[in-house]
Protein chains: 2
Amino acid sequence: MREPVPIHRIVVEARELFREYGYEGASMRDLADRVGLRPQSLYTRFSSKESLVREVLALTLDDTLAGLPDPATDWRAAWRTLIERIAGTFEARGRCVGLHLAYGVTAQTPDARDAVRAFFARLRDAMVGILEAGTISEPASVAADTLAQLEGATLWITTEGDMEPLRHAVERALRIGDQEGRPM
Amino acid sequence: MREPVPIHRIVVEARELFREYGYEGASMRDLADRVGLRPQSLYTRFSSKESLVREVLALTLDDTLAGLPDPATDWRAAWRTLIERIAGTFEARGRCVGLHLAYGVTAQTPDARDAVRAFFARLRDAMVGILEAGTISEPASVAADTLAQLEGATLWITTEGDMEPLRHAVERALRIGDQEGRPM
DNA sequence: GTCTATATTGAGATAGAC
DNA sequence: GTCTATCTCAATATAGAC
């Protein structure tokens with residue numbers, strides 16, 4: 001009798017594969033190899049490869065938002081922590097699993113597509129909540145723009161290993177609210 | 001005797017497939033169906049699926065840069081035309097084939113990876129040339145940041161159909177040089 | 001929960017006729 | 001340049017024993 005592989009471990013490894021290889025490029029075989037199982041055994045834990053997308057993004061959203069400083073107490077601390085968590089992952093891993101999946105899921109995988117949409121909507125909504133606590137004007141627009149700028153900067157990490165655009169995006173994000181009304 | 005399929009047509013269709021489905025998700029079978037050939041026939045025109053990446057990106061770079069206004073004469077016209085070409089494609093197609101390939105090519109496809117690197121480097125260099133004609137400070141940094149912001153905005157087009165972040169990125173790009181020294 | 005065995009499908013690619 | 005025929009491999013997924 002061997003120890004069952006913890007489900008959390010499987011999802012973490014699936015995330016690495018989706019981030020690096022995308023939805024189509026990641027295989028159940030590769031995932032099985034990483035966790036020391038036969039590919040068939042994964043199907044007793046997950047009904048399909050597609051269903052893994054929701055699990056991966058739920059874990060990622062939790063990693064990103066869990067234990068943030070309370071925006072009502074110190075919105076700047078909450079904002080800074082969130083931005084640095086996102087950017088920190090991009091620096092460490094070189095790219096964003098959510099963006100790779102956003103581009104990679106299609107009409108053939110509607111459940112995965114819905115999970116991706118929900119992931120980014122919730123992330124943006126969390127950002128909006130923080131910006132509202134800081135009485136930033138047009139928080140929905142600022143949140144979407146900020147996330148887009150962080151995501152876009154991963155282009156240069158993945159192609160050239162250049163972190164500068166990401167750092168610039170972080171600096172712009174952290175300057176939000178310094179002087180309301182300043183053109184961005 | 002039937003008319004041979006023009007090679008340009010094959011590359012254009014391959015671009016559509018790579019943009020929508022990524023490198024792994026696009027198949028030679030799908031491409032053959034689109035151009036009315038058997039999959040095997042594609043191999044008399046292209047040595048491999050991987051080699052299509054370079055063709056697709058060469059065509060895209062040409063589409064993007066051909067016939068731009070001369071920066072030496074009117075750098076703002078050149079800049080505006082270039083930004084609007086890039087953003088126009090993103091609006092029309094919903095996403096960027098270069099970004100999808102940047103995330104999708106791996107160490108297993110080194111030639112494709114190199115083609116992607118070269119594509120973005122040349123695009124950035126073209127932007128740098130225009131900004132230099134406008135005596136914009138730190139042109140390399142501004143070019144990379146601008147392209148990153150346009151690319152990142154496609155996240156919201158692909159997930160929610162929201163064009164606003166892209167339009168904001170365009171507005172920021174077109175404001176470059178309005179007053180040198182202004183914080184971005 | 002994991003295994004062996006297997007089904008099914010589709011991928012990229014090559015050989016040789018026309 | 002395109003075709004038919006074929007090769008080889010890997011993908012997702014299921015059935016049933018332990």
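In what follows, chains are A, B, ... by sequence order, proteins preceding strands, each numbered from 1. Atoms considered below: every heavy atom in the structure, side chains included; atoms not considered: hydrogens, waters and symmetry mates.
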>> Rounding to 10°, can you tell me the angle the first-five-pair axis of the helix from C:dG1-D:dC18 to C:dC18-D:dG1 makes with its last-five-pair axis?
In response: 10°

> Looking only at heavy atoms, which two atoms of B:Ala133 and B:Trp75 are closest? And how far apart?
Replying inline: CB-CB, 3.9 Å

> Should B:Ser41 be listed as having a side-chain N or O under 4.0 Å from OP1 or OP2 of D:dG1?
Replying inline: no

> Does C:dG1 have OP1 or OP2 sitting under 4.0 Å from an N or O in the side chain of A:Arg38?
Replying inline: no

> Is it true that a side-chain atom of A:Glu50 and a backbone atom of A:Asp111 form a donor plus acceptor pair closer than 3.5 Å?
Replying inline: yes

> Would you find a donor on one side and an acceptor on the other, under 3.5 Å apart, between the side chain of B:Arg95 and the backbone of B:Glu20?
Replying inline: yes

Scan nucleotides 7-11 of chain D against the protein and return all N/O pairs shorter than 3.5 Å with their distances rounded to 0.1 Å.
| from | atom 1 | to | atom 2 | distance (Å) |
| --- | --- | --- | --- | --- |
| D:dA11 | OP1 | A:Ser27 | OG | 3.4 |
| D:dA11 | OP2 | A:Arg29 | NE | 2.3 |

> Testing B:Ile130, B:Thr146, B:Ile176 for side-chain contact (heavy atoms from CB on, under 4.5 Å) with B:Ile83, which one passes?
Replying inline: B:Thr146

>> Using side chain to side chain contact (heavy atoms under 4.5 Å, CB included), reason through A:Leu147 and A:Ile86 one step at a time and then give a plain yes or no.
In response: CA-CA 9 Å; A:Leu147 194 49; A:Ile86 295 171; 4.3 Å; yes

Would you kindly give the [atom1]-to-[atom2] distance between [X] and [N], to the nearest whole Å?
{"X": "B:Tyr43", "N": "D:dA5", "atom1": "OH", "atom2": "P", "value": "19 Å"}
{"X": "A:Gln108", "N": "C:dG10", "atom1": "CD", "atom2": "P", "value": "12 Å"}
{"X": "A:Leu42", "N": "C:dT4", "atom1": "CG", "atom2": "P", "value": "14 Å"}
{"X": "B:Arg9", "N": "D:dG1", "atom1": "CZ", "atom2": "C1'", "value": "15 Å"}

> Does the side-chain hydrogen bond (donor to acceptor under 3.5 Å, both in side chains) test come out yes or no for A:Thr154 and B:Tyr103, once each step is laid out?
Replying inline: CA-CA 9 Å; A:Thr154 64; B:Tyr103 261 73; 2.8 Å; yes

Test: [X] and [Y] ion pair at under 4.0 Å:
{"X": "B:Arg76", "Y": "B:Asp178", "result": "yes"}
{"X": "B:Arg54", "Y": "B:Asp114", "result": "yes"}
{"X": "B:Arg124", "Y": "A:Asp162", "result": "no"}
{"X": "A:Arg93", "Y": "A:Glu16", "result": "yes"}

> If you pin A:Glu50 and B:Arg45 to their nearest nucleotides in DNA chain D, which one's is more 5'?
Replying inline: B:Arg45

Measure all distances between protein nitrogen or oxygen atoms and nitrogen or oxygen atoms of nucleotides 15-18 of chain D, and list the pairs falling under 3.5 Å.
none

> Within 45° of the ring axis of B:Phe18 and under 6.0 Å from its six-membered ring centre, is that where the NZ or CZ of B:Lys49 lies?
Replying inline: no

